[in-house]
Amino acid sequence: MSPEIQVTVGGSVHVARAGITAGELLKLYGDGVRPIAARVNGQVVDLSRRIETDARVEPVAADSPEGVDILRHSTAHLMAQAVQALYPGTQVTIGPTIEDGFYYDFAPPRPFTVEDLPKIEAKMRELARADLKVERIEMDRDQAIALFDSMNEKYKVEIIRGIPEDRVSLYRQGDWIDLCRGPHVPSTRYLKAFKLTSVAGAYWRGDERNAMLSRIYGTAFPSTEELEEHLRLLEMARARDHRKLGREMELFFFDPIAPGSPFFLPKGALIYNQLIEYIRRLYRRYGFQEVITPQIFKNQLWRTSGHWDMFRENMFLTTDGENASGELDYGVKPMNCPSHCVMYRSEKRSYRDLPIRFADFGRLHRAERSGTLHGLTRVRAMSQDDAHIFCTEEQIAGEIDLNLQMVREVYQTLGFGDIELKLGTMPEKHLGLEQDWHQREELLAVAMRRHGFKFEINPGEGAFYGPKIEIYVPDALKRKWQVATIQLDFNMPERFELEYTASAGTEARPVMIHRAVLGTLERFIGVLLEHTGGILPFWLAPEQVRVLSLSEKVEGYAAEIAQVISAAGFRARADLRNEKLGFKVREAELARIPYMAVVGEREAASRGVSLRRLRGEKSQTLTLEGFVDLLKAEPLPC
RNA sequence: GCCGAUGUAGCUCAACGGUAGAGCAACUGACUUGUAAUCAGUAGGUUGCCAGUUCGAUUCUGGCCAUCGGCUCCA
């Protein structure tokens with residue numbers, strides 16, 4: 001006879017025999033909703049978990065965050081089972097859940113293609129219908145190693161060898177078994193709403209020196225409705241892809257003649273320059289001085305800065321053709337910092353001069369690996385709203401403050417509510433003492449807290465020369481892109497032997513802060529387009545007003561209005577084409593023009609306009625003066 | 001760079017071992033228009049590039065280039 005234990009389920013206490021499973025308890029005393037897992041004393045476990053001591057047991061529903069995670073993880077297992085059934089000789093590696101889904105990496109005899117997916121999916125459905133019980137098995141580590149070794153699963157063996165515990169858990173469904181921490185659904189029948197989405201290559205343990213594995217991505221939801229909703233959202237996100245919008249809105253294009261290097265068309269260049277102008281206005285307020293620096297430097301500069309060793313693979317090298325050996329003795333700049341150091345060094349500096357804030361919109365070129373290029377978000381030719389601050393150690397805190405404030409202002413103005421901040425801390429390869437690092441990391445952390453920013457720690461992700469704050473913004477598909485950055489640098493001033501004369505008359509070394517707010521303008525525009533779906537704030541819209549004429553009779557009046565609005569300082573055009581109004585409205589809507597001024601004979605007679613706003617249903621009638629006033633009331637960022 | 005896929009008219013896409021077709025855009029004309037597509041006609045392509053197989057390749061094969069989804073790297 002088993003001893004009795006006290007279990008708390010759903011707020012009430014019950015007496016049960018020890019060894020009863022969590023699933024049985026929830027069935028007896030639960031709220032009737034069928035759970036897919038249980039939470040025992042806060043820990044999520046299988047429903048088959050036996051309860052041996054007094055415990056608090058709660059259900060984990062399929063549609064709870066933990067439930068969805070289990071569902072996806074179990075679906076990944078189901079996929080692996082299907083794959084191994086269909087493609088003998090395929091080894092399994094790892095299969096975690098990710099945001100919105102899961103993946104599983106395999107070492108197959110030949111890489112998978114999208115054509116394999118329907119077959120695998122069909123097999124998965126078959127296995128799900130078979131209602132295979134998912135069992136947890138615990139065994140000694142050595143036993144597990146022997147087992148997977150006998151199955152010729154060498155990746156699994158390697159994984160287990162890396163596990164410190166003596167006991168490991170495995171899960172079995174039908175005749176298929178995998179190493180896994182769990183928990184999982186009780187049986188494959190619980191897996192209904194899933195879909196395999198794509199295949200990709202991925203390196204074993206994420207290291208490109210290792211073997212290339214074949215990864216299959218998929219997703220799963222508690223219900224088919226949710227799955228379909230998710231797929232629908234993905235479809236909608238694709239419509240907001242900045243590459244698509246760039247074409248439709250005639251902002252930029254790419255040509256194979258310059259891979260990774262956007263051509264900004266007039267409208268795109270307008271957005272680009274408006275952003276620069278905005279930042280320039282802020283620079284006046286925040287005390288930055290804009291400078292212009294060279295594009296191409298002798299390699300000596302890169303040797304001094306350290307880019308020669310750290311960044312040469314990503315640099316375009318060139319020559320002026322004058323050295324006899326034909327050696328590529330010049331490099332096109334990938335970053336502005338070295339030239340700002342040269343600029344700093346061009347004069348004797350005093351502590352009274354600091355901080356010095358050099359801002360530079362110079363063009364940068366980076367020889368990014370071809371496979372990494374991605375529209376505007378990953379380019380080879382770019383400009384940044386880059387600046388380098390030279391200051392004393394005591395001034396660091398104040399400078400961080402200043403820049404965080406600017407970051408806050410800019411992202412608020414541009415309507416990004418969901419920026420993410422991260423603190424990159426000391427990497428393994430680093431310069432300087434550990435205690436100095438911690439002190440400087442704390443400086444950054446304190447500043448972020450003071451500004452009310454929440455942030456995550458990105459351990460070991462600082463630059464080798466100092467800790468950094470990174471600011472990320474998601475694109476339409478929720479991929480995060482780093483835009484702004486604030487980095488402390490104690491290395492570059494050293495390499496360039498930068499100095500200033502301190503108040504005591506002695507020479508001291510300044511600290512350098514690298515920072516950008518929008519970051520790379522190309523990337524920022526890409527993210528901004530996806531964020532807004534192309535519906536830009538008025539001041540950034542390439543064409544702000546389009547006057548739509550109704551017939552030839554009002555051509556003159558329409559042209560006059562466009563003229564008046566242009567003269568008032570706005571970007572306006574008249575569409576006098578011989579087309580129906582509906583057609584012109586449609587085109588203006590697709591071009592995402594904030595204001596459409598419709599004029600027909602009524603408006604011409606009263607010297608007014610019928611105003612339609614972008615994505616607006618109703619139109620309103622205004623006088624011409626009233627319209628111009630309305631435009632003037634549009635907020636400018638600063 | 002690596003794995004997989006894709007590349008046909010300006011754009012979105014068809015078709016096919018026997019030298020390519022639609023819609024939109026462009027151009028011309030008619031219509032004179034009231035808030036997301038008026039009608040008709042015309043023109044537009046060495047099917048990404050280079051080889052190979054074949055009587056014949058846009059189609060099959062290989063190489064290269066670019067792009068897309070990932071990996072790696074990173075703003």
Side-chain angles (χ1 to χ4, degrees), chain A residues 103 105 108 110-117 197-217 238 241 243-244 247-248 250 253-260 311 313-314 334-335 364 366-379 382-386 461 463 468 470-473 477 479 481-485 487 514 516 518-524 526-527 548-555 577-591 596-603 610-620:
Chain A
Y103 67 79
D105 285 348
R110 63 151 181 96
F112 297 119
T113 75
V114 274
E115 263 108 71
D116 296 319
L117 298 187
T197 49
S198 61
V199 294
Y203 299 104
W204 167 237
R205 301 223 143 129
D207 189 327
E208 65 179 326
R209 287 167 304 193
N210 289 340
M212 174 65 75
L213 304 172
S214 197
R215 175 175 295 181
I216 302 179
Y217 283 92
R238 270 188 266 280
D241 188 314
R243 293 164 295 192
K244 187 169 143 75
R247 243 194 328 272
E248 286 173 5
E250 300 175 322
F253 68 92
F254 288 88
D255 189 287
I257 206 68
F311 210 74
E313 284 72 48
N314 287 308
M335 295 175 191
L364 307 174
R366 298 181 187 174
E368 297 295 345
R369 297 161 92 177
S370 54
T372 64
L373 302 176
H374 183 95
L376 287 184
T377 40
R378 183 75 173 179
V379 293
M382 73 211 86
S383 293
Q384 303 180 324
D385 62 336
D386 194 16
E461 289 299 309
K468 59 183 179 185
E470 298 172 318
I471 291 112
Y472 293 82
V473 172
L477 288 172
R479 291 177 292 212
W481 295 95
Q482 189 189 325
V483 281
T485 183
Q487 309 183 11
H514 307 245
L518 298 178
T520 297
L521 283 149
E522 280 74 6
R523 172 178 291 182
F524 186 80
V527 174
L548 310 180
S549 62
L550 263 159
S551 74
E552 272 176 28
K553 295 185 198 106
V554 294
E555 257 181 30
R577 290 174 308 167
N578 186 8
E579 297 289 351
K580 291 198 166 179
L581 181 61
F583 180 80
K584 294 185 183 184
V585 166
R586 180 182 155 78
E587 289 210 335
E589 284 280 343
L590 289 176
M596 285 157 254
V598 176
V599 296
E601 293 186 71
R602 284 206 298 269
E603 288 76 14
S610 169
L611 183 67
R612 181 193 163 106
R613 286 170 205 261
L614 179 58
R615 308 287 143 100
E617 285 114 54
K618 282 188 291 186
S619 58
Q620 79 191 103

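No hydrogens, no waters, no symmetry mates; every other heavy atom, side chains included, goes into these values. Every chain is numbered from 1 and lettered A, B, ... according to where its sequence line falls, protein lines coming before strand lines. These figures come from a predicted structure and were not determined experimentally.
- Using atom C1' as the reference point in both B:A5 and B:U46, the two lie 26 Å apart (nearest Å).
- Going from the P atom of B:G18 to that of B:U47 covers 15 Å, rounded to whole Å.
- Here the P atom of nucleotide B:A37 and the CG atom of A:L590 are 10 Å apart, to the nearest Å.
- No more than 12 heavy-atom neighbours from other residues, nucleotides or ligands sit within 6.0 angstrom of CZ on A:R209.
- Using a 4.0 Å heavy-atom cutoff across all strands shown, A:E587 reaches no nucleic acid atom at all.
- When the C1' atom is used for both B:U72 and B:C2, the distance is 8 Å, rounded to whole Å.
- Of all the heavy atoms in A:Q487 and A:A463, the pair that sits closest is OE1-CB, 4.2 Å.
- Remark: C1' of B:A37 and CZ of A:R586 are 5 Å apart, rounded to the nearest angstrom.
- Comparing A:L213 and A:M596 along RNA chain B, the residue whose closest nucleotide (by nearest heavy atom) sits nearer the 5' end is A:L213.
- Rounded to whole Å, the distance from CG on A:L548 to C1' on B:A36 is 12 Å.
- What separates CG of A:L614 from C1' of B:U35 is a distance of 13 Å, to the nearest Å.
- Using a 3.5 Å distance cut-off with no hydrogens or angles, the side chains of A:T520 and A:E522 do not pair a donor with an acceptor.
- Of the inter-residue distances, the one linking A:Q482 atom CD with A:E470 atom CD reads 4.0 Å to the nearest 0.5 angstrom.
- The interatomic distance linking A:E579 (CD) with B:U28 (P) rounds to 12 Å, in whole Å.
- Separation of the C1' atoms belonging to B:C24 and B:A14 is 15 Å when rounded to the nearest angstrom.
- Heavy-atom minimum distance, A:V199 versus A:F112: CG2-O, 4.0 Å.
- With rounding to the nearest 0.5 angstrom, the CD atom of A:E587 is 11.5 Å from the CE atom of A:M596.
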Anything under 3.5 Å between a protein N or O and an N or O of nucleotides 8-13 of chain B, put it in a table, one pair a line.
unit_1, atom_1, unit_2, atom_2, d
B:U12, OP1, A:R247, NH2, 3.2

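- Across all strands shown, A:K584 has no heavy atoms under 4.0 Å from either base or sugar-phosphate atoms.
- On the P atoms, B:G21 is 34 Å away from B:C64, given to the nearest whole Å.
- Scanning for ring-ring contact (aromatic ring centres under 6.0 Å, His included) contacts around A:Y203 gives an empty result, with sequence neighbours left out.
- With salt bridges taken as basic N to acidic carboxylate O contacts below 4.0 Å, one links A:E589 and A:R612.
- Applying the ring-ring contact (aromatic ring centres under 6.0 Å, His included) criterion to A:Y103, with sequence neighbours excluded, gives A:Y217.
- Here, B:U19 and B:C55 have their C1' atoms 14 Å apart, quoted to the whole Å.
- The two residues A:T372 and A:R369 make their nearest non-hydrogen contact at OG1-O, 2.6 Å.
- The nearest whole Å value for the distance from the OH atom in A:Y103 to the P atom in B:G4 is 19 Å.
- Rounded to a whole angstrom, the distance from the C1' atom of B:C13 to that of B:G7 is 13 Å.
- In this structure, A:R366 contributes its side chain and A:P334 its backbone to a donor-acceptor pair below 3.5 Å.
- Residues meeting the side chain to side chain contact (heavy atoms under 4.5 Å, CB included) test with A:D241, sequence neighbours left out: A:R243, A:K244, A:E530.
- A gap of 14 Å separates the C1' atoms of B:G62 and B:A57, to the nearest Å.
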Along nucleotides 67-75 of chain B, 5' to 3', which nucleotides get a B, which get an S, and which get a -, given that the test is a protein heavy-atom distance under 4.0 Å? SSBBBBBBB
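- A:V598 and A:L550 make their closest contact through CG1-CD1, 4.2 Å (heavy atoms, listed as atom of the first residue, atom of the second, distance).
- Within the nucleic acid shown, A:E601 comes within 4.0 Å of at least one base atom, counting heavy atoms only.
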Here RNA chain B, pairs taken as Watson-Crick or G-U under 3.5 Å and shown with ( ), [ ] when crossing and | when to another strand, reads (((((((..((((....[..)))).(((((.......))))).....(((((..]....))))))))))))....
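- The side chain of A:E552 lies closest to B:U32, out of B:U32, B:C3, B:A36.
- A:E603 comes within contact range of at least one nucleobase, with a heavy-atom separation under 4.0 Å.
- A:R209 comes within 4.0 angstrom of nothing in the nucleic acid, heavy atoms only.
- Among the heavy atoms of the strands, none lies under 4.0 Å from A:F524.
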